[in-house]
Engineer: 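Quick one: structure below, then a few questions.
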Amino acid sequence: MIEDDLRAAFARREALTPPTGPVRAAIDRAVVRRRRRRLRLRLAGTALAVVAAALAGFTAVAPRPPETANLLAAPSPPMPTGALNVLLLGSDAAGPDGSRRADSILLVHLPADRSRLYLVSLPRDLVVPTAGRGPEKLNVSLAAGRDLTAGYQATRQVVAQLTGVRIDAGAVLTYRATRELTDAVGGVPMCLPGAIRSYHTRRTYPAGCQRLDGAAAVDVLRQRYNMPDGALDRDRNAARYAAGLLHRMREQEVLTNPLLLSRLITKVGSGVVTDTGESSLPALLAAAGTAATVEPVAVGLPVRHGSTKELPYGFRLDPTLAPGFLDALRADRLGEWTVAHPKQVTALR
């Protein structure tokens with residue numbers, strides 16, 4: 001009896017029920033928009049990581065807090081203006097306690113006029129002051145945190161204090177995907193000013209321009225022993241590799257062809273997360289787009305050898321050149337400074 005009464009009540013009010021077609025269509029449209037936006041974010045995130053790899057010769061695995069905003073309702077951050085500084089850290093193998101140190105430290109400066117990229121190498125053995133720990137080498141700051149995320153934040157703070165510029169974005173980088181990325185683009189051209197005999201594999205790489213596969217690229221990027229300037233030469237070779245990788249990706253139109261980029265992403269792998277600061281991945285990628293079409297300028301932070309009993313084989317800032325260099329970096333005048341100091345610029349070809 002109760003069931004019959006309920007059926008009758010529903011039947012009397014059925015005409016008042018709104019049609020389900022428009023509601024269903026609206027839901028379907030929202031789902032499609034969400035899926036498309038997620039795809040764009042995923043592609044843009046990995047694209048920025050690929051650009052980072054093109055700049056530093058590694059692949060990104062660095063921190064970014066999870067997004068909690070509604071993807072459908074949240075407005076996109078505006079296109080960043082002014083100069084941008086991106087911190088890229090190349091991590092070495094994990095130690096017995098699981099900690100890692102920064103093998104290479106690169107500050108990518110994008111000037112406000114977006115004319116080109118400046119690859120500023122910061123020596124990993126540069127002695128810097130740290131809060132609560134006293135002076136120590138710059139590469140140790142990555143191991144200061146409990147994981148790569150905390151280590152990146154600690155290094156970011158030290159680099160910001162050292163240079164006096166705001167770090168707008170960044171990534172922690174490893175060697176593994178360097179091999180994958182290099183092989184995925186069919187090898188990377190790299191121009192060596194002199195022959196290199198690998199301390200690790202005993203393989204010899206002749207002077208001059210050559211195309212390296214993934215294993216060879218990583219082998220070259222690791223070398224600092226038997227090099228005239230040791231770790232400084234390794235920083236210079238990282239810049240040379242970066243220029244070659246960027247050239248190769250431009251040559252294959254990877255950065256402008258979504259299909260090719262998608263294929264490259266599949267080959268390199270997933271799990272890439274980046275720190276984009278107050279901007280967004282698509283905005284950062286778009287901002288770097290024009291500058292990435294021009295050959296970058298590679299320059300090292302001016303330093304001098306200055307070992308101490310506590311920190312042997314460390315570097316200190318060059319008292320003659322470093323102040324002017326840092327002033328130019330802060331004032332977005334690296335172009336003028338590099339023209340005035342051509343000996344400080346790394347030859348990429």
Side-chain angles (χ1 to χ4, degrees), residues 50-60 84-92 102-111 115-126 138-139 159 163 170-171 173-175 177-178 181-182 185 187-196 205 207-212 214 216-224 227-250 288 291-303 315 321 325 328-329 334-335 337-339 341-349:
V50 170
V51 171
L55 298 177
F58 308 95
T59 203
L84 296 174
N85 296 286
V86 179
L87 178 64
L88 305 177
L89 307 178
S91 171
D92 62 8
D103 220 26
S104 297
I105 303 166
L106 187 71
L107 184 66
V108 181
H109 178 75
L110 179 63
S115 56
R116 64 177 66 241
L117 295 167
Y118 291 87
L119 315 180
V120 181
S121 299
L122 307 179
R124 70 173 195 168
D125 293 330
L126 178 65
L138 181 57
N139 70 329
V159 172
T163 61
L173 319 165
T174 66
Y175 282 122
T178 305
L181 180 60
T182 303
V185 298
V188 168
M190 187 169 176
C191 299
L192 302 176
I196 295 177
Y205 302 90
C209 296
Q210 55 212 280
R211 181 173 294 186
L212 304 178
V218 170
D219 193 21
V220 169
L221 289 171
R222 294 179 66 194
Q223 301 312 309
R224 61 187 175 98
M227 304 281 283
D229 285 337
L232 297 181
D233 277 332
R234 179 173 58 185
D235 292 341
R236 295 173 186 133
N237 283 334
R240 294 184 179 103
Y241 170 86
L245 179 57
L246 191 60
H247 173 79
R248 186 68 175 150
M249 295 176 70
R250 288 199 308 264
T293 62
V294 181
E295 184 168 278
V297 173
V299 59
L301 175 66
V303 296
F315 292 101
L321 293 176
F325 175 86
L329 176 64
L334 276 187
W337 193 92
T338 53
V339 169
H341 301 82
K343 291 184 179 180
Q344 302 299 318
V345 176
T346 298
L348 300 179
R349 298 292 176 185

Engineer: Of all residues at least two apart in sequence or in a different chain, which pass the side chain to side chain contact (heavy atoms under 4.5 Å, CB included) check with Cys191?
Structural biologist: Cys209, Arg349
Engineer: Does a side-chain heavy-atom distance below 4.5 Å link Val303 with Leu321?
Structural biologist: no
Engineer: With sequence neighbours left out, write down each residue that passes ring pair (Phe, Tyr, Trp, His ring centres under 6.0 Å) with Tyr205, or none if nothing qualifies.
Structural biologist: none
Engineer: Please name all residues satisfying side chain to side chain contact (heavy atoms under 4.5 Å, CB included) with Pro189, sequence neighbours left out, ordered by chain then number.
Structural biologist: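 Scan of Pro189 (side chain to side chain contact (heavy atoms under 4.5 Å, CB included), adjacent residues dropped) gives His247, Arg248.
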Engineer: Say you draw a straight line from CG of Asn237 to CZ of Arg224; how long is it, rounded to the nearest 0.5 Å?
Structural biologist: 14.0 Å
Engineer: Can you tell me how far apart CG (Leu138) and CG (Asp125) are? Round to the nearest 0.5 Å.
Structural biologist: 9.0 Å
Engineer: Among Leu84, Leu88, Leu87, which residue satisfies the side-chain contact (heavy atoms from CB on, under 4.5 Å) criterion with Val108?
Structural biologist: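 Only one of Leu84, Leu88, Leu87 forms a side-chain contact (heavy atoms from CB on, under 4.5 Å) with Val108, namely Leu88.
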Engineer: Taking side chain to side chain contact (heavy atoms under 4.5 Å, CB included) as the test, write out the residues that go with Arg236, two or more places apart.
Structural biologist: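 Scan of Arg236 (side chain to side chain contact (heavy atoms under 4.5 Å, CB included), adjacent residues dropped) gives Asp229, Leu232, Asp233, Arg240, Thr346.
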Engineer: Is there side-chain contact between Asn85 and Val159, with heavy atoms separated by less than 4.5 Å?
Structural biologist: no
Engineer: Looking at side-chain heavy atoms only, is the closest gap between Val299 and His341 below 4.5 Å?
Structural biologist: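 Val299 does not reach His341 side chain to side chain.
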Engineer: Rounded to the nearest 0.5 Å, what's the gap from OG on Ser121 to CG on Leu126? Could you check?
Structural biologist: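 Between Ser121 OG and Leu126 CG, I get 12.5 Å after rounding to 0.5 Å.
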Engineer: Of all the heavy-atom pairs spanning Val294 and Ser115, show the shortest one and how long it is.
Structural biologist: CG2-O, 3.6 Å
Engineer: If you round to the nearest 0.5 Å, how far is CG of Leu301 from OG1 of Thr163?
Structural biologist: 9.0 Å
Engineer: Parallel, tilted or perpendicular for Trp337 and Phe325, by the 30°/60° rule?
Structural biologist: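 Plane angle over 60°, so perpendicular.
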Engineer: For Val345, check side chain to side chain contact (heavy atoms under 4.5 Å, CB included) against everything at least two apart and list the hits.
Structural biologist: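 Applying side chain to side chain contact (heavy atoms under 4.5 Å, CB included) to Val345 gives Val297, Thr338.
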Engineer: Of all heavy-atom pairs between Ala238 and Leu221, which one has the smallest distance, and what is that distance?
Structural biologist: CA-CD2, 3.5 Å
Engineer: As an exercise, state the distance from CG of Leu110 to CG of Leu334, rounded to the nearest 0.5 Å.
Structural biologist: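 If we round to the nearest 0.5 Å, Leu110:CG and Leu334:CG are 11.5 Å apart.
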Engineer: With side-chain contact (heavy atoms from CB on, under 4.5 Å) as the test, would you mind laying out the steps for Leu348 and Glu295 before giving the verdict?
Structural biologist: CA-CA 9 Å; Leu348 300 179; Glu295 184 168 278; 4.1 Å; yes
Engineer: For residues Val218 and Leu212, determine if any side-chain heavy atom of one lies less than 4.5 Å from a side-chain heavy atom of the other.
Structural biologist: no
Engineer: List the residues meeting salt bridge (Lys or Arg N to Asp or Glu O under 4.0 Å) with Arg234, not counting sequence neighbours, and say none if there are none.
Structural biologist: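 Arg234 satisfies salt bridge (Lys or Arg N to Asp or Glu O under 4.0 Å) with Asp103 only.
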Engineer: Which atoms form the tightest heavy-atom contact between Asp235 and Ser104, and what is the distance?
Structural biologist: OD1-OG, 4.3 Å
Engineer: Are Val220 and Tyr241 packed together at the side-chain level, in the sense that at least one heavy-atom pair is separated by less than 4.5 angstrom?
Structural biologist: no
